[in-house]
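Read through the structure below, which is laid out as structure tokens, and then see the notes.
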Amino acid sequence: MFKWNPKITTSLKYYPRRQFLRDMKAGAIVAVIAFPLSFALAIASGMSPVTGLYSAIVGGFLVSLLGGSMVNIGGATAATVMTVSSIVAREGAAGLAVASILAGIFLVLFGVLKAGYLLKFIPRTITLGFTAAIGMGIFAGQIKGFLGLRMGELPVRTVDKLMASGAALGTVHLPTLAVGLLALAVLLLIPRISGKIPPSLAAILVSTGVAAALKLPVATIGSVYGELPSHVPVPKLPEIDYDMVAGLVPESFTLAVLIAIVSLLACVVTDGMTGQQHDSNQELVAQGIANIFCGIFGAIPVAGAVARASNNVKNGGRTPVAGMFHSVVVLVILLCLLPLASYIPMAALSAVLIQVAFSMSNLPEFVYMAKNAPKSDLAVLLATTFAGVLVDLLFAVEVGMVAAAFLFMSRMSEVTFVRSWDYYTEEQLANDPDRLNVRLVPKRTLVYELEGPMFFASAGEFMKINAVAGTKVVILRMRSVSAIDITALKYLEGFEARCRKRKITLLLSHVQEQPLAMMRKAGFADRIGSENFCKNIDEALMRAAELVKE
């Protein structure tokens, strides 16, 4: 059963003043980092910049208050941008609100049903493939803003964005390109100069200052979005239409899976930094509740942000108070400093997102996979990536999971086999010293060794089990069969029926717990008879000798 246990309930039992001050400091620094990223990710999602701040305020506060991690930070993340932007392009802000609520419900169900552990079964090739597809999608969406291209609305699919941007390359706006290159240069240089200055904030401040001082004719947040509302977000339930809800279920489920993967990854990363242990199911419930409220407050969906959570830990944050204070600081920025954001050049935000896209592409890991991974794993990786680029992320996850499942079944079937024991007479064993340790198989008895999990993909191995004329007993030695599925059990039932028809006794040796439970549930164990289940091969051979003698 799921147990409600937010980490804040245990973290505040002993909470010294010194740690409170460290949490406040860490929360303030993370808020400064979150501000430009929230703006940029909201714009990339097709929403107003201020909705990214709402995510940090509403969603971020609830993730920290109710979460299963001491230090995770909730907010807008690049992982959800492509899915969110496709929803917004088709259904608008109201559709996104509905999708966020649906994704939140899915996440709560994941947590309550304790499905957090299932996410570890998603192979690295798939997570790497679709994050690379997300990175390429974000990059494709920022070419227009970075180069100042004169073109219409961007298409939804990544490949279409790339083609449309390529067709408009002749309209590059040089002042916009200059500001974008300046911001990108700052992003790359700041980490080499100081690790304490947030690169994205520095890039935006420098490029905004230069653009304003030189009065460059570039698009800014103010010129594109007008005056931004600098007030506390207010709840507003979206208009719910059945057809819209039904159409958004697949994308909402994809959104929930992406949020779950990214959030739990952030928890794992920070666990390694702090030595603490997160509660994955509680974290999923918190993410779900946070996204439900994000839908109600008109914010873009939130997830655990790896970079912000890591910076929280690096700056002394150790309890959920840091994440909650981060949300309060973002709210203060919204209320007091938002008018200044109208001067930020759009090209600077595009540069920030291009850098994020490059980080998500994981090029070094791609190179590592290409050099060291089996060709089959590399094929799954490339199939997932190209499916995300050419179609969408939902299709990418489907392609990746199906390909990985078939690959897994193929590999498992390769380690599953059936082999028969050689038959020796007493005279052969006595005259050949090399065979003295080989067990004597009684006459008219066949022994088959079954090895590996027996399931539908390896069921063909059962065709090797056969009984020649004159056979009275067949022994199946199953000490290495850890699991069996219903398909394999049906093959066993069919073989047992043939044996019974030919008056052959079937003995099973060393049947493990899971196969035995399956056999009992299906009634197969009763048909065999308890006397024909043997603890080990020696007992089975003795039983066979008695049956043959009879």
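- Of the options Leu284, Val285, Leu113, Val108, a side-chain contact (heavy atoms from CB on, under 4.5 Å) to Phe2 is made by Val285 and by none of the others.
- In terms of modelled atom types and a separation under 3.5 Å, the side chain of Thr270 and the main chain of Cys267 share a donor-acceptor contact.
- In this structure the side chain of Phe146 never reaches within 4.5 angstrom of the side chain of Thr176, judged on heavy atoms.
- Of the possible donor and acceptor atoms, one in the side chain of Ser207 sits under 3.5 Å from a partner among the backbone N and O of Ala203.
- In the displayed structure, Phe366 atom CZ is contacted under 6.0 Å by more than 12 heavy atoms of other residues, nucleotides or ligands.
- Scanning for salt bridge (Lys or Arg N to Asp or Glu O under 4.0 Å) contacts around Glu91 gives an empty result, with sequence neighbours left out.
- By the neighbour-count criterion of 12 heavy atoms within 6.0 Å, atom CZ of Arg90 is densely surrounded, having more than that number from other residues, nucleotides or ligands.
- Once rounded to the nearest 0.5 Å, the distance linking CG of Leu255 with CG of Leu248 reads 10.0 Å.
- Taking the side chain as every heavy atom from C-beta outward, Met70 and Thr274 never approach each other to under 4.5 Å.
- Residue pairs meeting the side chain to side chain donor-acceptor pair (under 3.5 Å) criterion with at least one partner in residues 141-151, sequence neighbours excluded, are Gln142-Ser350.
- Looking at heavy atoms from C-beta onward, Asp241 lies out of side-chain contact with Val245 at the 4.5 angstrom threshold.
- Heavy-atom minimum distance, Asn311 versus Val30: C-CG2, 4.2 Å.
- Atom CE of Met273 has more than 12 neighbouring heavy atoms from other residues, nucleotides or ligands inside a 6.0 Å radius.
- A heavy-atom distance below 4.5 Å is found between the side chains of Met47 and Leu96.
- Formation of a donor-acceptor pair under 3.5 Å by the Asn291 side chain with backbone atoms of Val302 is found in this model.
- The backbone N or O of Gly304 sits less than 3.5 Å from a side-chain atom of Ser263, completing a donor-acceptor pair.
- Counting all heavy atoms, side chain and backbone alike, Ala322 lies closest to Gly317 at CB-CA, 4.2 Å.
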(request) Just do the side chain to side chain contact (heavy atoms under 4.5 Å, CB included) check on Leu264 and Glu283 with the steps written out, would you? (result) CA-CA 8 Å; Leu264 296 186; Glu283 183 67 21; 4.2 Å; yes

(request) Start with the C-alpha gap between Val172 and Leu149, add the side-chain angles, then the distance that decides, and say whether side chain to side chain contact (heavy atoms under 4.5 Å, CB included) holds. (result) CA-CA 5 Å; Val172 173; Leu149 301 178; 3.8 Å; yes

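- Of all non-hydrogen atoms in Ser327 and Ala56, the two that sit nearest each other are OG-O, 2.8 Å.
- Between Ile221 and Pro49, the closest heavy-atom pair is CG2-CG, 4.2 Å.
- For the pair Ser45 (side chain) and Val84 (backbone), a donor-acceptor distance under 3.5 Å is absent.
- The ring pair (Phe, Tyr, Trp, His ring centres under 6.0 Å) analysis of residues 246-293, with sequence neighbours excluded, yields the pairs Phe106-Phe253, Phe110-Phe253.
- To the nearest 0.5 Å, the span separating NZ on Lys521 from CD1 on Ile486 amounts to 8.5 Å.
- When side chains are defined from C-beta on, Leu492 counts as touching Met519, because their heavy atoms get closer than 4.5 Å.
- Nearest heavy atom pair, residue Ile73 against residue Gly323, reads CD1-CA, 3.5 Å.
- With values rounded to the nearest 0.5 angstrom, Leu450 atom CG is found 9.0 Å from Ser480 atom OG.
- A donor-acceptor pair under 3.5 Å is absent between the side-chain atoms of Ser48 and the main chain of Thr51, judged by distance alone.
- For the atom pair Met151 CE and Lys161 NZ, the distance stands at 10.5 Å (nearest 0.5 Å).
- The local environment of CE in Met136 is sparse, with at most 12 non-hydrogen atoms from other residues, nucleotides or ligands closer than 6.0 Å.
- Within a 6.0 Å radius of OH in Tyr225, more than 12 heavy atoms belonging to other residues, nucleotides or ligands are found.
- Here the straight-line distance linking atom CG of Asp377 with atom CG of Leu407 works out to 5.5 Å at 0.5 Å rounding.
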(request) Show the numbers, then the answer: is there a side chain to side chain contact (heavy atoms under 4.5 Å, CB included) between Leu162 and Ile143? (result) CA-CA 8 Å; Leu162 291 170; Ile143 297 174; 4.0 Å; yes

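- Distance alone, capped at 3.5 Å, is enough to place a donor-acceptor pair between the Gln282 side chain and the Asn5 backbone.
- Closest approach of Pro301 to Thr80, counting heavy atoms only: O-OG1, 4.4 Å.
- Judged by distance alone, with hydrogens and angles left aside, the side-chain atoms of Asn362 form a donor-acceptor pair with the main-chain N or O of Met360 at under 3.5 Å.
- Among residue pairs with one or both ends in residues 364-375, those qualifying as side chain to side chain donor-acceptor pair (under 3.5 Å) are Arg124-Glu365; sequence neighbours excluded.
- When side chains are defined from C-beta on, Phe358 does not count as touching Ile354, because their heavy atoms never get closer than 4.5 Å.
- Among residue pairs with one or both ends in residues 292-310, none qualify as side chain to side chain donor-acceptor pair (under 3.5 Å); sequence neighbours excluded.
- A heavy-atom distance below 4.5 Å is found between the side chains of Leu154 and Ser165.
- Using a 4.5 Å heavy-atom threshold, the side chains of Gln514 and Ser482 count as separate.
- With sequence neighbours excluded, the residues that form a ring pair (Phe, Tyr, Trp, His ring centres under 6.0 Å) with Phe39 are Phe35.
- Atom CE of residue Met454 and atom CG of residue Leu489 lie 12.5 Å apart, to the nearest 0.5 angstrom.
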(request) Take Val380 and Thr384 through the test side chain to side chain contact (heavy atoms under 4.5 Å, CB included) and record every step on the way to the result. (result) CA-CA 6 Å; Val380 173; Thr384 306; 4.2 Å; yes

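- Across Cys294, Ser38, Pro233, a single residue satisfies side-chain contact (heavy atoms from CB on, under 4.5 Å) together with Tyr54, and that is Pro233.
- A salt bridge links Arg479 and Glu449; the closest N-O separation between the charged side-chain nitrogens and carboxylate oxygens is under 4.0 Å.
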